[in-house]
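Below is one structure, written out as structure tokens; comments come after it.
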Amino acid sequence: VTLYILKPDGDFINIELTPKVNFKKYYCNLTSELKNIPGEYLCYITVLNNKTKEIKTSKSKFKYFVNLDMASELERANDT
């Protein structure tokens, strides 16, 4: 399962999601690269069928927001 993220600055990033034990949920740890710019991040998920090699894309996209305060804190933490 891959998560694709379009950042507010137009950069496009993808990361592999980690399945939980029961494989019905996936875990994503958002690194600082995925929350370092204030604004709206647009996302969608793809799933690869290992048997057929067919890739399915999620029907609905979703988004998350990073506010200025969080981005400023991350920037300060990286400067030290």
Practice task
Would you indicate whether the side-chain heavy atoms of F62 and L3 approach each other to under 4.5 Å?
Solution key: yes
Problem - Joint cluster assignment, L42 & I5, ILVMFWY side-chain distance < 4.5 Å - result: no
Handout entry: Spacing of CD belonging to E54 relative to CG belonging to L48, to within rounding of 0.5 Å
Key = 9.5 Å
Fill in the blank from the handout: dist K63:NZ -> C43:SG (nearest 0.5 Å) comes out at 10.5 Å
Practice task
Decide whether L17 and V47 are clustered together by the hydrophobic rule: side chain heavy atoms of Ile, Leu, Val, Met, Phe, Trp, Tyr closer than 4.5 Å, transitively.
Solution key: yes
Handout entry: Check against side chain to side chain contact (heavy atoms under 4.5 Å, CB included), N67 and F65
Key = CA-CA 6 Å; N67 62 31; F65 295 89; over 6 Å; no
Handout entry: Flag, side chain of K7 to backbone of N36, donor-acceptor distance under 3.5 Å
Key = no
Problem - In one Ile/Leu/Val/Met/Phe/Trp/Tyr side-chain cluster, 4.5 Å: I37, Y64 - result: yes
Exercise for the section: State plainly whether one hydrophobic cluster holds both I15 and Y41, where clusters connect Ile, Leu, Val, Met, Phe, Trp and Tyr through side-chain heavy atoms under 4.5 angstrom apart. Expected result: yes
Exercise for the section: For the residue pair N14 and F12, establish whether any side-chain heavy-atom pair is separated by less than 4.5 Å. Expected result: no
Exercise for the section: Establish whether V1 and I13 are linked, either directly or via other cluster members, by ILVMFWY side-chain heavy-atom contacts under 4.5 Å. Expected result: yes
Problem - Atom pair OH/OG1 of Y44 and T57 - distance to nearest 0.5 Å - result: 6.0 Å
Problem - Separation between CD1 of I45 and NZ of K56, rounded to the nearest 0.5 Å - result: 15.5 Å
